[in-house]
Amino acid sequence: MADSIVIENATIFDSTGKEAYGPGTLVIEGDRIKSVGPSSQVSAPRGATVIDGTGRTILPGLIDAHAHVALTDWDFSGDPDRNHPGAVYAYSVARIIEDTLMHGFTTVRDAGGCDWSFKLAVERGLIPGPRMFVANAFISQTGGHGDMRQRHDRSDPCARWHPLMPPPAIADGVPQVRQAAREQLRTGADQIKVMAGGGAASPTDPLDAPQYTVEELSAIVYEATVVRKPVMAHVYVPEGIKNCVEAGVRSIEHGNFLDEESAYLMKENDMYLVPTLSVYELKSKHTVEGGTLQSTIDKINLAKGRAPQSVEIASAVGVNVASGSDVYGPDANKKALELELKAAIMGADKAIISATRTNSNLVGMGNEIGTLEEGKLADIIVVEGNPLDDIAILQDEQKIQVIIQGGKIVKNING
Ligand code: ZN
Ligand code: ZN
């Protein structure tokens, strides 16, 4: 008989839309959830490993749909070999990947910069980590959000990129973007990441302008779609969002200037909005003295001011609202801040659902993870206290006491 684990007497929030209840019991057999329900109705199999859920809440494992686990620093300008020697870089990424899991994120979708080989290291058991969906390099037009050269810089756009990091694919025109997409797919991308509009961290582009033509975006989507992979697009403004809708992109990343018209178009096409409230919250504290360009600070504040409204519009229209943090570098462990900021707009229950059930659908694993239901893979976290009463506890690594991934206990702090 497969190994069994029982978590008893816990509050259960299953992310199906049902209210939290308790005391509840969840039984895992092998890698799957065997049964889950009120403790009076679910019995523990003999010989099972028993975990006491008293004072604790069971949730589906969290999913971050916009992570950058391989961006170990805010700034990758400068000499990569001196600032980030190969082994130091690889171990730094490994640490971020492991910490991400230990903070309760059992799945991440990387939004660019993480090479496929880090996912392989997790799958081979070399490092503990979440299930990973990687994009490899992001695809950007010249002078777009992936082009990090300053105005005076006429060097190769990839020259300063770290050797272990897939350099941004700077591509213009249909033949080049087609090749860039094929290259990401060849090297193991689970999804394609394209910059379809300006951004804050890039030095020469306005944030509130679209990038790439519909023709270019469509070529990228075509290449991904024929091998059944989705495209995620970084973009802020309605004009750029509409280009993505027309091209067949699956998710809009950030989307801060979403308006009703573009929201309805997204809904009609069953697309996902991945707001990333955390990154603006954290980066708005950066200063010129700390090395950030004034133009970048201005762009962050522009995006931050409009972020909550886009979530409200998307929710009101009925767009799938997913959850991504976009945090990286020194803030890599603040991924759960996204749930607190989201909860302030849509409530704690919906914030958790967006980071579990909705995100599971976005990554194409809605039948396997994202809710606590019989037959699903046992990706589960057990939290001290109740995040529906205080969502901020999800940011406390010590309160994420038990983590089970595919039926395996990867963390167990006896509270
Ligand atoms: Zn972005
Ligand atoms: Zn990002």
Side-chain angles (χ1 to χ4, degrees), residues 63-76 93 96 100 105 108-115 132-141 143-148 161 165-170 184 189-212 217 220 230-237 240-241 243-244 249-258 272-284 286 296 299-300 302-304 306-307 310 322-332 334-335 337-338 341 359 362-363:
I63 304 171
D64 191 337
H66 191 120
H68 290 289
V69 295
L71 302 188
T72 57
D73 218 331
W74 285 124
D75 185 7
F76 267 83
V93 175
I96 291 172
T100 297
F105 288 85
V108 296
R109 187 179 68 145
D110 200 78
C114 180
D115 187 80
M132 288 170 65
F133 292 84
V134 296
N136 286 340
F138 24 76
I139 301 176
S140 167
Q141 68 180 44
H145 182 49
D147 190 338
M148 303 309 281
W161 226 250
M165 189 186 282
I170 306 298
Q184 304 322 311
D190 296 299
Q191 68 273 342
I192 296 285
K193 168 72 180 295
V194 62
M195 304 304 193
S202 40
T204 62
D205 56 342
L207 179 124
D208 54 352
Q211 293 175 356
Y212 279 134
L217 293 169
I220 293 168
V231 175
M232 59 192 296
H234 158 112
V235 60
Y236 286 96
V237 287
I241 294 170
N243 289 344
C244 292
V249 164
R250 183 163 172 82
S251 64
I252 298 297
E253 311 297 311
H254 320 302
N256 297 35
F257 291 85
L258 184 81
Y272 290 76
L273 178 72
V274 186
T276 58
L277 306 166
S278 313
V279 73
Y280 310 110
E281 186 65 29
L282 294 166
K283 279 198 172 182
S284 64
H286 290 198
T296 295
K299 288 198 280 186
I300 287 162
L302 179 68
K304 184 185 174 190
R306 192 51 169 64
S310 65
S323 184
S325 69
D326 201 17
V327 299
Y328 57 94
D331 288 329
K334 295 178 181 163
K335 294 180 173 72
L337 172 62
E338 190 65 24
L341 299 172
N359 275 358
L362 172 56
V363 300

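In listed order, ligands and their atoms are each counted from 1. On a predicted model such as this, the values are computed, not experimentally measured, just so you know.
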Side-chain donor-acceptor pair present, [X], [Y], cut-off under 3.5 Å:
X: Lys334; Y: Ser278; result: no
X: Ser323; Y: Asn359; result: no
X: His145; Y: Ser140; result: no

> Checking Lys299 side chain against Ser202 main chain: does a donor-acceptor pair fall under 3.5 Å?
Replying inline: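 Between the backbone of Ser202 and the side chain of Lys299 there is a qualifying donor-acceptor contact (under 3.5 Å).
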
>> Can you tell me if, anywhere in His66, an N/O/S atom lies at a distance from the Zn ion (ligand 1) that is smaller than 2.8 Å?
In response: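 No N, O or S atom of His66 is closer than 2.8 Å to the Zn ion (ligand 1), so no.
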
>> Counting backbone and side-chain atoms alike, is an N, O or S atom of His254 positioned under 2.8 Å from the Zn ion (ligand 1)?
In response: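 A backbone or side-chain N, O or S atom of His254 is under 2.8 Å from the Zn ion (ligand 1).
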
> What angle sits at the Zn ion (ligand 2) between OD1 of Asp326 and NE2 of His68, to 10°?
Replying inline: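 Here the angle at the metal atom is close to 90°, to 10°.
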
>> Restricting to N, O or S atoms, which atom of His234 is closest to the Zn ion (ligand 1)?
In response: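 Of all N, O or S atoms belonging to His234, ND1 is the one nearest the Zn ion (ligand 1).
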
